[in-house]
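Everything below concerns the one structure shown next.
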Amino acid sequence: MSSSGSAKPAAHTRLPKLSERHIDPMRYPEGVAYMDGQYLPLSEAKISVLDWGFLHSDATYDTVHVWNGRFFRLDLHLDRFLAGVEKLRMRLPFGPAEIIKVLLNCAGLSRLRNAYVEMICTRGTSPTFSRDPRQAQNRFMAFAIPFSSVANEAQRRAGLNLAVSEITRIPPRSIDPAIKNYHWLDLVRGLYEAYDRNADSAVILDFNGNVAEGPGFNVFAVKAGRVRTPALGVLPGITRRTVFDLCAELNIPAEAGDLGVTELRSADEVFITSTAGGIMAATRIDGALVAEGKIGPITRTLTELYWKKHEDPAWSLAVLYAD
Ligand SMILES: Cc1ncc(COP(=O)(O)O)c(C=O)c1O
C-alpha cells in the first residue's frame with residue numbers, strides 16, 4: 001500500500017457483525033417484477049453482485065410499453081429480444097408464449113395503465129464463479145414500472161434541444177447494436193456533456209462522424225418531405241421501425257442511410273424515437289433553431305398516427321387487470 005496517503009488507518013482491532021440478510025436503504029418506484037417464478041413488488045427484485053449482467057454488462061433486454069392498458073407491438077419487441085438472446089448464446093427458462101404471459105402478469109399485477117415493461121436475460125452466475133461464460137446459469141427477469149419518457153411535458157411541447165456530442169458510439173464491429181444492450185458508458189458521457197452545455201439530451205456520432213443515436217433513442221431528419229435516419233451502428237428501434245410503417249401508410253418517403261451532422265443541422269424537421277416517449281420533436285441542435293424552431297408538420301402527423309395505432313388490435317394487446 002502507498003505510504004503517501006494522508007489518512008492513516010486506525011489499528012484494526014475488531015470485526016463488524018456479519019448480517020444475515022441485506023436491508024436496502026434505497027427507495028424504488030412502484031411496480032411489479034418477475035424473478036425465479038415469483039411475482040414481487042419492484043423493491044424486492046434484486047440480483048446478485050456476482051451476476052455477469054452486472055459485472056460485465058453481459059445481458060440483453062427489451063423494453064415495451066403499455067399505453068391505456070394495451071401493450072404496443074409486443075410481438076416485435078419479443079422477436080428482437082429472442083434474437084439477442086440467441087446471438088449471445090444464452091438460454092431462457094421457457095419459450096415465447098410463457099414470456100408473453102409473464103409480461104402480461106407483471107403489467108396486470110402492477111395495475112399500471114401506462115407502463116414501461118422490461119424483459120431481461122443476464123449471463124447469470126456460476127456456482128464456482130468460473131470465468132467461463134458457458135458455465136453460468138442464465139437468468140430471466142421482467143418488470144413493469146410507471147411509463148417514463150425521454151422528454152418531459154415541457155420538452156415535448158417545445159421540442160428538445162439536442163447537443164451533438166464529441167463521443168463516438170461503440171462501433172458495431174465491437175458490439176452488435178441489434179442486440180439491445182447495457183453498453184451505455186458512451187451514451188451516459190454524452191448525456192453529461194449535453195447537460196453541461198444546457199441541452200436536454202445528446203446525439204452521439206458513429207465512427208465516421210455521422211449521426212448514430214442518442215441515450216435511448218433513434219434520430220430522424222426531414223428534408224424536402226423525405227424522412228431519413230442512420231442505417232448503421234444503431235439499435236434497430238421498434239419505434240424507428242414503426243415510423244417506417246407509418247410513412248409507408250402515409251406515402252411519405254423514408255430511408256435509412258448516412259446522416260451527416262450538417263444534414264441534421266440544416267434539416268426542416270428533426271425528431272427522435274423511443275419506446276420511452278414515442279416520437280418526439282427536436283427543435284434546436286446545440287441551441288440553434290431547426291428551421292424556424294417549431295414542431296414540423298411531418299413530425300406532428302406521424303406522432304398523431306403513432307398514438308392512434310395504440311388502440312388498434314392489430315398493433316396492440318390488452319392487459320388483464322384485477323379492477
Ligand atoms: C441505444 C438505443 N437506441 C434506440 C432506442 C430506441 O428503440 P425503441 O424504439 O425500440 O425503444 C433505444 C431504446 O431504449 C436505445 O436504448
Side-chain angles (χ1 to χ4, degrees), residues 53 57 59-67 71-85 103 114-121 142-145 147-151 156 160 162 165 167-172 174-191 194 201-207 210-221 227-247 254 256 259 264 270-282 299 302-303 305-307 309-310 315-316:
S57 288
T60 187
Y61 74 110
D62 216 291
T63 308
V64 51
H65 67 220
V66 169
W67 191 253
F71 273 101
F72 187 61
R73 309 204 89 176
L74 177 56
D75 50 341
L76 299 182
H77 285 277
L78 189 60
D79 285 351
R80 186 172 65 179
F81 177 63
L82 296 175
V85 167
L103 300 175
N114 297 326
Y116 192 76
V117 182
E118 193 155 327
M119 62 203 98
I120 306 167
C121 188
F143 60 83
I145 50 168
F147 182 81
S148 68
S149 172
V150 170
R156 196 173 266 290
L160 291 153
L162 299 178
S165 173
I167 294 157
T168 304
R169 182 73 173 120
I170 194 166
S174 306
I175 304 287
D176 176 354
I179 305 171
K180 195 165 155 68
N181 63 70
Y182 293 123
H183 291 270
W184 266 57
L185 297 188
D186 46 4
L187 299 175
V188 172
R189 254 180 83 197
L191 263 182
S201 194
V203 171
I204 315 290
L205 304 182
D206 71 12
F207 49 93
N210 291 315
V211 171
E213 59 189 339
F217 56 82
N218 293 111
V219 180
F220 286 77
V227 172
R228 193 172 175 83
T229 192
L232 300 173
V234 299
L235 174 76
I238 304 303
T239 324
R240 175 181 179 272
R241 150 80 191 267
T242 300
V243 165
F244 281 105
D245 293 340
L246 298 178
C247 283
L259 177 61
L264 185 76
V270 173
F271 61 84
I272 63 168
T273 61
S274 175
T275 296
I279 299 170
M280 295 158 276
T299 308
L302 288 171
T303 307
L305 189 55
Y306 172 80
W307 288 109
K309 290 286 188 188
H310 284 63
W315 293 47
S316 64

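In listed order, ligands and their atoms are each counted from 1. The structure presented is a predicted model; accordingly, all values stated were derived computationally and were not measured. All residue numbers in this chain count up from 1 along the given sequence.
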*Check ligand 1 against Gly237 and write out every atom of the ligand that is under 4.0 Å from a heavy-atom position of the residue.*
7 (O), 8 (P), 9 (O), 10 (O)

*Which bit of Arg169 is near ligand 1, meaning a heavy atom under 4.0 Å away: side chain, backbone, both or neither?*
side chain

*Within a radius of less than 6.0 Å around CG of Leu232, do more than 12 heavy atoms belonging to other residues, nucleotides or ligands occur?*
no

_Test side-chain hydrogen bond (donor to acceptor under 3.5 Å, both in side chains) applied to Thr275 - qualifying residues, sequence neighbours left out_ = none

_Contact partition for Tyr182 relative to ligand 1, non-hydrogen atoms under 4.0 Å_ = neither

_Within the 4.0 Å heavy-atom shell around Trp184, which atoms of ligand 1 are there?_
16 (O)

*Qualifying residues under ring-ring contact (aromatic ring centres under 6.0 Å, His included), relative to Phe207, sequence neighbours excluded*: none

_Tell me whether the rings of Phe147 and His65 are parallel (<30°), tilted (30 to 60°) or perpendicular (>60°)._
perpendicular

*Answer yes or no: does an N/O atom from Lys180 fall short of 3.5 Å to an N/O atom of ligand 1?*
yes

*Student check: side-chain heavy atoms of Lys309 and Leu246 closer than 4.5 Å*: yes

*For Arg80, counting its heavy atoms only, list the atoms of ligand 1 lying under 4.0 Å from any of them.*
10 (O)

*Looking only at non-hydrogen atoms, which of Gly216, Ala212, Pro177 approaches atom 15 (C) of ligand 1 most closely?*
Gly216

_So for ligand 1, is His77 a polar contact partner (N or O within less than 3.5 Å, distance only)?_
no

_Tell me if the aromatic rings of Tyr61 and Phe143 count as close, with their centers under 6.0 Å from one another._
no

*Atoms of ligand 1 close to Thr275 [distance to a heavy atom under 4.0 angstrom, numbered from 1]*: 8 (P), 9 (O), 10 (O), 11 (O)

*Which atoms of ligand 1 sit under 4.0 Å from any heavy atom of Glu213?*
1 (C), 2 (C), 3 (N), 4 (C)

